[in-house]
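Read the structure below first, then the notes.
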Protein chains: 6
Amino acid sequence: MPFKISKDSKYIPGAQTRNRMDETLPKEKRLMNYEMLKHLLDDIEWDIHPGPLSTYGDWPVENREEFAFVTAGRLVIVREICESGKYNAICLMGGGQPGLFEAMEIGRQYGIPVTGNATAQMHIATMLGNKFSIIDLSEAHNMYYYNLVIQNHMERRCASIRNIDFPLPRPGTPPETPMIGEERERALRGETSLAVERAVEEAVCAIQEDGADVIMLGCSATFWLQPFIQKGLDGLGYEVPVLEGYSAGIVMAKVLVDLETVASGMWFPPVFSKIIRSKTLFDFA
Amino acid sequence: MPFKISKDSKYIPGAQTRNRMDETLPKEKRLMNYEMLKHLLDDIEWDIHPGPLSTYGDWPVENREEFAFVTAGRLVIVREICESGKYNAICLMGGGQPGLFEAMEIGRQYGIPVTGNATAQMHIATMLGNKFSIIDLSEAHNMYYYNLVIQNHMERRCASIRNIDFPLPRPGTPPETPMIGEERERALRGETSLAVERAVEEAVCAIQEDGADVIMLGCSATFWLQPFIQKGLDGLGYEVPVLEGYSAGIVMAKVLVDLETVASGMWFPPVFSKIIRSKTLFDFA
Amino acid sequence: MPFKISKDSKYIPGAQTRNRMDETLPKEKRLMNYEMLKHLLDDIEWDIHPGPLSTYGDWPVENREEFAFVTAGRLVIVREICESGKYNAICLMGGGQPGLFEAMEIGRQYGIPVTGNATAQMHIATMLGNKFSIIDLSEAHNMYYYNLVIQNHMERRCASIRNIDFPLPRPGTPPETPMIGEERERALRGETSLAVERAVEEAVCAIQEDGADVIMLGCSATFWLQPFIQKGLDGLGYEVPVLEGYSAGIVMAKVLVDLETVASGMWFPPVFSKIIRSKTLFDFA
Amino acid sequence: MPFKISKDSKYIPGAQTRNRMDETLPKEKRLMNYEMLKHLLDDIEWDIHPGPLSTYGDWPVENREEFAFVTAGRLVIVREICESGKYNAICLMGGGQPGLFEAMEIGRQYGIPVTGNATAQMHIATMLGNKFSIIDLSEAHNMYYYNLVIQNHMERRCASIRNIDFPLPRPGTPPETPMIGEERERALRGETSLAVERAVEEAVCAIQEDGADVIMLGCSATFWLQPFIQKGLDGLGYEVPVLEGYSAGIVMAKVLVDLETVASGMWFPPVFSKIIRSKTLFDFA
Amino acid sequence: MPFKISKDSKYIPGAQTRNRMDETLPKEKRLMNYEMLKHLLDDIEWDIHPGPLSTYGDWPVENREEFAFVTAGRLVIVREICESGKYNAICLMGGGQPGLFEAMEIGRQYGIPVTGNATAQMHIATMLGNKFSIIDLSEAHNMYYYNLVIQNHMERRCASIRNIDFPLPRPGTPPETPMIGEERERALRGETSLAVERAVEEAVCAIQEDGADVIMLGCSATFWLQPFIQKGLDGLGYEVPVLEGYSAGIVMAKVLVDLETVASGMWFPPVFSKIIRSKTLFDFA
Amino acid sequence: MPFKISKDSKYIPGAQTRNRMDETLPKEKRLMNYEMLKHLLDDIEWDIHPGPLSTYGDWPVENREEFAFVTAGRLVIVREICESGKYNAICLMGGGQPGLFEAMEIGRQYGIPVTGNATAQMHIATMLGNKFSIIDLSEAHNMYYYNLVIQNHMERRCASIRNIDFPLPRPGTPPETPMIGEERERALRGETSLAVERAVEEAVCAIQEDGADVIMLGCSATFWLQPFIQKGLDGLGYEVPVLEGYSAGIVMAKVLVDLETVASGMWFPPVFSKIIRSKTLFDFA
């Protein structure tokens with residue numbers, strides 16, 4: 001079961017991101033946090049696509065306008081991958097999963113399941129607890145993510161989105177702003193990391209104040225925090241699962257491949273649908 | 001108070017659509033259903049933009065993939081209009097309002113309110129009744145619209161989306177398929193129109209079976225139906241408001257201009273936000 | 001488009017209220033906060049009705065019992081105005097909008113839309129943000145208002161009602177109790193006002209703690225606070241819309257007049273309804 | 001435990017209603033459906049008040065405007081009863097329970113619980129099943145009742161309101177219109193009653209189509225139907241409880257007297273509340 | 001109206017519990033907090049059953065596994081009581097009401113209503129206020145109770161469950177752990193009780209922070225706190241009802257006996273149901 | 001990754017069930033519908049436990065009372081399996097998944113994830129669509145399942161439970177009653193099966209009338225229907241996923257093993273919890 005991992009942008013918040021975009025490197029180097037994912041990939045064939053070149057500028061996506069441009073870029077690639085006939089599942093890599101529903105619409109025309117890092121984490125979180133909170137990194141990204149929660153019918157299962165305030169770099173970022181990518185290197189060296197400290201603190205607040213019993217991560221630039229938050233919570237006595245997006249996207253893709261299924265044709269109807277429903281009901285509430 | 005009306009695509013389901021894209025015509029000819037809107041425009045200065053050229057093909061938008069491409073195209077135009085400094089409000093014209101939230105994000109950076117035909121209708125509908133139903137024209141468009149209802153927190157106010165089954169033309173459409181644009185001409189000539197008949201029938205079902213007390217319209221290709229459905233319901237004794245999108249978008253833009261306000265900065269945070277909230281709460285449910 | 005503004009009671013929490021009831025004054029003097037509303041009234045003909053004499057005592061309405069008596073008094077006037085044939089819309093003036101639904105029931109028999117200050121603010125607030133909070137002035141009024149939120153199906157859009165604790169005067173009020181009307185004069189003179197300070201503080205708490213992204217006002221005695229709260233939030237960096245009731249009621253009345261519509265006949269069925277629904281559904285949740 | 005039963009109006013849809021208003025009769029004759037309630041009253045002292053004279057006309061209340069006038073009339077009586085010191089509970093008699101919340105506000109100032117026929121039925125219904133449906137008698141009354149369901153936070157427990165279409169008499173009622181009061185006499189004589197037939201039919205539809213598992217009754221003019229509907233359902237094999245309002249109001253008043261409690265002071269705050277909450281939260285959803 | 005009170009376990013957190021299990025004592029001694037309940041029992045015949053012997057160990061139930069074993073033990077007794085023909089109602093005694101729904105299923109086969117201490121309190125609480133909070137005694141019991149709230153469709157009416165942290169004794173409990181049973185004796189002697197102090201404090205927090213307006217109690221080991229919390233709140237000016245489970249279970253059993261009804265057969269269908277519904281709907285939300 | 005599959009009861013609705021209980025057979029024979037599951041088991045080590053002997057009688061579980069007895073029996077086995085140290089995951093086999101939450105509580109003490117057939121299907125269904133419907137086999141089982149939907153916070157994602165009316169055998173079953181187990185053999189022989197016909201019909205109704213876009217199965221006695229319903233829907237043009245419980249439980253157990261996680265300790269707190277939360281919030285709604 002090979003699958004295709006696309007990438008979001010060419011801006012560089014740290015060494016990992018730089019590697020991700022360097023197509024001369026082996027795929028294991030290009031996949032962020034490979035060490036955390038290795039055991040999930042060992043029994044499958046997989047490949048990783050660098051993703052579309054961003055059209056709005058050369059910094060990472062963070063607000064709705066930028067995500068809309070990335071969505072359009074990604075969909076062209078998704079269709080190409082589906083048409084190639086070489087893959088039986090696609091994981092969109094990137095916390096904000098721009099274009100997931102559109103990609104699921106395309107994928108199902110080819111019988112290929114598509115998963116995203118946000119949606120996959122939310123479904124696993126609701127198996128493990130009653131309410132999850134999301135640790136994310138900036139006001140703009142948080143509110144974009146807010147939209148994802150609502151579109152996934154998860155607003156009642158989401159206790160809160162908590163902000164550790166490490167906005168991604170872009171033109172105008174003050175030079176002294178701490179970068180999330182550097183925090184990772186600091187943490188991996190065993191040094192104190194402000195990002196780790198804040199993330200653990202926000203996770204505890206989410207549990208104590210917001211009623212969360214599971215923690216998940218927002219932007220993919222925070223995914224490396226997973227083992228650090230888990231360790232921090234364990235140390236404080238909290239037996240609370242901490243999820244991250246890449247592993248969630250991968251295991252959920254495996255589930256759909258194992259069950260030989262894709263998203264419902266009533267959710268993403270074919271354009272010449274044989275089936276006409278007179279009404280689409282709303283009794284979610 | 002001039003404002004700018006953009007357009008969606010270049011495919012041609014009828015004479016109105018053809019006129020809409022003919023930039024040699026005066027703006028009153030290019031604005032679909034101008035006769036229904038004239039009294040709302042007489043006291044303002046306004047202009048209409050033909051919109052972006054579609055990149056996915058030369059037929060009208062109907063599924064999620066196509067809407068994503070139109071969104072990207074539109075946002076470039078929205079930013080240009082905002083930067084021009086010539087307008088104090090923007091109405092996105094088109095029932096599916098691709099890119100509304102992204103356009104609101106851009107607009108608020110310039111203090112310019114942006115309204116869309118779906119969102120505006122929903123807000124007016126909830127002033128007039130307890131639950132509204134939407135008359136729309138195809139399975140694929142209905143399910144795209146479903147997403148709009150959810151994103152607008154309106155799933156509890158929406159009784160149903162009802163389908164009159166007049167899909168828009170695209171490659172592969174069987175030649176004998178009835179076109180919604182031709183139905184309009186038929187109805188205006190006083191002839192029996194299948195689209196009108198189905199729309200009235202679905203509106204009655206929405207009221208009797210789904211609990212709707214207000215009717216609104218989905219795709220802009222159905223907006224001409226508004227007076228016909230209203231008349232049909234009146235004739236059957238139903239004192240039920242029927243809304244359409246262009247007028248709704250225009251009056252709501254006027255409201256925001258009158259109140260000198262735009263969407264909240266907490267909803268669409270600036271990228272270098274001065275305000276950091278530690279948490280974003282979800283107690284909608 | 002002239003319309004009619006009624007008034008609530010004869011008790012006097014400040015100079016404005018005194019003017020409101022002095023029928024020898026021109027209508028511009030009698031309309032509270034006229035300076036904030038002038039631009040909305042310049043293009044229409046309008047008049048203001050002093051409202052019914054309170055029957056429960058000579059102090060302002062604040063609890064449910066008192067609101068029920070004012071409702072009965074108001075409805076007689078609403079019917080008279082409708083029967084006069086001189087007006088095409090009615091705005092009920094007063095934050096608690098006693099009798100709005102009953103007045104809408106009467107108005108629709110004459111094809112005359114009726115708006116209220118609470119309902120109108122809530123609908124505008126939900127166009128501008130995800131959740132609003134209400135700044136109101138006493139426990140009793142807050143809990144009356146709570147009822148309005150629920151009746152308007154807005155409990156999921158309302159983050160909180162916040163209390164600045166300036167109860168209206170009534171027999172038994174301790175003499176030293178600060179009066180909201182005096183706060184207004186103090187603020188207009190440029191002096192420090194406790195009411196303004198508390199209102200800004202509660203607005204910030206509503207945003208930071210309760211998840212609000214729009215602020216609206218409860219009792220009409222607080223409506224003058226609108227520009228002061230807006231300025232206070234702006235100064236702190238919060239780009240958050242602040243609404244007040246009179247302007248909201250007026251612009252929403254204009255919307256309904258522009259669209260030539262009134263509330264649904266299924267919501268307020270005529271007593272000899274031609275249409276019988278076998279069931280009224282509840283799938284709001 | 002004596003308690004006070006008030007009455008709604010002087011119009012006469014049948015012999016029972018006529019008796020109800022004849023103050024020369026003993027209280028047992030004036031209490032509608034006394035035979036159904038006798039066993040609940042035998043162990044208490046009780047009295048019945050004929051209620052206020054209607055001010056809007058001489059027909060029974062059916063729409064919102066009329067209910068608002070009755071509310072104002074009733075509250076004067078409720079206060080008198082509380083001040084008399086002779087009663088330890090008040091049951092408002094009448095399906096639409098005009099003024100219940102206001103009367104609860106008054107009652108709690110005297111430590112006297114007040115119950116209403118709609119609210120009491122809803123609470124008992126939710127002890128007996130997952131969802132209840134309401135059998136009521138006209139479009140206008142149904143939609144007034146709709147409001148009661150919402151104000152009682154019961155919209156998720158109410159499956160539907162079903163209409164047997166026996167509107168109450170009023171000026172303009174066509175002479176041949178069947179009267180609900182005459183149906184009662186017909187049914188008691190053992191004759192076929194259209195009202196009984198329709199009520200059983202609607203109850204079955206509520207169970208089979210709307211998901212109800214308990215049935216309750218709306219307007220007090222339908223309360224006599226309770227044993228007939230119960231028998232009808234039993235005969236069809238439905239083991240479904242059928243409730244009516246008078247007995248529900250009485251047993252719930254007994255509960256509150258037994259527990260020596262009244263409604264919360266946070267729901268109906270005293271006007272000079274010692275307790276100030278900074279915020280009133282809305283997380284019902 | 002005699003009814004049967006069963007008991008939960010043989011472990012001994014205090015003198016009351018010891019008495020409860022001593023079958024040589026008169027029933028008034030065996031019923032915990034009899035002094036609080038006496039006036040509710042004086043007009044009925046009643047008996048109390050000691051309940052099943054716990055099979056998982058000899059300590060009180062506190063987590064889900066233990067409650068499941070008690071449920072199985074209780075149901076055998078419930079069926080015996082029903083078959084005896086000597087009782088017309090059953091109150092399950094014990095805050096966690098293990099097996100209530102199963103016992104209701106059994107009881108309705110015999111026409112015997114069954115009530116539980118949690119469900120009964122919740123229904124009374126929602127008559128007295130908008131939202132209730134529950135005071136309970138340990139994390140494990142709180143989360144078991146959480147499940148009860150959800151099964152009773154009360155999650156929107158429950159503001160919070162608050163923990164006073166007095167876990168019940170079990171093997172491994174550190175010797176110095178304060179016991180809730182000893183707190184009762186301390187409080188009854190007029191001494192300061194940490195349990196009372198914490199319970200009042202948590203009740204105030206529930207009102208001020210969580211939006212509760214009624215307080216109820218979780219584990220039956222806390223029921224004795226009811227008058228102490230009520231007095232504590234009264235002293236602080238909070239006019240807020242405080243409920244406890246035994247009295248709630250008893251008055252609700254009386255209601256069902258008075259109305260001669262049991263839970264709906266659509267909720268607990270007989271195994272050879274005469275009625276087949278094709279669908280069971282979910283529009284609770 | 002070996003895991004343990006327990007069984008429910010010894011009654012015999014068909015040949016498969018008989019094999020399931022014959023411990024002399026190899027595990028592949030004892031696992032119902034092994035042919036549908038083989039590809040999910042090939043890469044793991046697994047074993048199957050026959051489950052507890054039913055204590056209430058010798059027929060299959062169908063109502064709440066019976067499920068409560070099976071729960072108690074199962075939990076003893078679950079604890080033994082956990083203590084054996086031989087397994088790293090447990091799938092409870094049986095559509096009603098009696099004791100799942102209790103088993104999850106036990107399992108997490110040993111770090112062993114536990115999955116159930118109902119919960120697992122619901123989570124997969126919500127990845128594939130907006131709303132699912134459940135095909136189940138009797139009124140009593142349907143209403144037991146109703147409880148599972150609510151406990152899993154899935155009431156808003158569940159469109160309906162539909163009943164094909166094949167109750168399981170028990171004392172008193174009329175001899176001519178068709179057995180679901182015989183329907184399976186009939187269907188496998190290629191003959192017309194009433195169960196298949198009804199199941200396809202109910203699935204179509206669920207999609208067209210109830211708004212479902214995914215189908216799942218209730219009682220494990222219906223799991224064999226999965227390929228037949230899928231084929232039936234495909235043939236009618238419905239591109240709708242159909243799930244069954246055993247495969248769902250297995251793939252979800254793999255997910256949790258792969259992610260090395262178990263249910264949150266805040267959901268199932270240890271009895272001597274190091275972490276005390278003062279409150280447990282309810283803002284699901």
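Below, chains carry the letters A, B, ... as their sequence lines are ordered, and counting in each starts from 1. None of the values given here were measured: they were computed from a predicted structure.
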### Query
Given the options B/N163, B/N142, B/I164, B/V76, which has more heavy-atom pairs under 4.5 Å with chain A than any of the others?
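Heavy-atom pairs under 4.5 Å are most numerous for B/N163.
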Side chain / backbone / both / neither for [X] at chain B, heavy atoms under 4.5 Å:
X	value
A/R198	neither
A/L168	neither
A/N63	both
A/F268	side chain

### Task
Name the region of B/I106, side chain, backbone, both or neither, that has any atom closer than 4.5 Å to a heavy atom of chain A.
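Side chain only.
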### Query
Checking B/F101 against chain A: side chain, backbone, both or neither under 4.5 Å from a heavy atom?
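Both parts, heavy atoms under 4.5 Å.
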### Query
Which residue out of A/S133, A/G172, A/A103, A/S138 racks up the most heavy-atom pairs below 4.5 Å with chain B?
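Most heavy-atom pairs under 4.5 Å with chain B: A/G172.
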### Task
Mind ranking A/V271, A/D136, A/L75, A/T177 by heavy-atom pairs under 4.5 Å with chain B and telling me who comes out on top?
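Sorted descending by pairs with chain B, the first entry is A/V271.
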### Query
For B/E139, what residues pass the salt bridge (Lys or Arg N to Asp or Glu O under 4.0 Å) criterion, not counting sequence neighbours?
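Counting only residues at least two positions away or on another chain, B/E139 forms a salt bridge (Lys or Arg N to Asp or Glu O under 4.0 Å) with A/R277.
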### Message
Test side-chain contact (heavy atoms from CB on, under 4.5 Å) on B/T173 and A/F272; report intermediate values, then the result.
### Response
CA-CA 8 Å; B/T173 301; A/F272 301 114; 3.6 Å; yes
### Closest contact, heavy atoms only, B/A72 versus A/A72
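For B/A72 versus A/A72, the nearest heavy atoms are CB-CB, 3.7 Å.
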### Query
Which atom names give the shortest non-hydrogen contact between A/R64 and B/W267, and what distance separates them?
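In terms of heavy atoms, the two residues are closest at NH2-NE1, 3.8 Å.
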### Query
Is there a donor-acceptor pair under 3.5 Å between the side chain of B/E65 and the backbone N or O of A/E102?
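Checked: no pair found.
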### Message
Within this structure, what is the OG-CE distance for the pair A/S273 and B/M143, rounded to the nearest 0.5 Å?
### Response
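Reported to 0.5 Å precision, the distance equals 11.0 Å.
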### Query
Are B/T71 and A/T71 close enough that some pair of their side-chain heavy atoms sits under 4.5 Å apart?
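Sidechains of A/T71 and B/T71: no contact.
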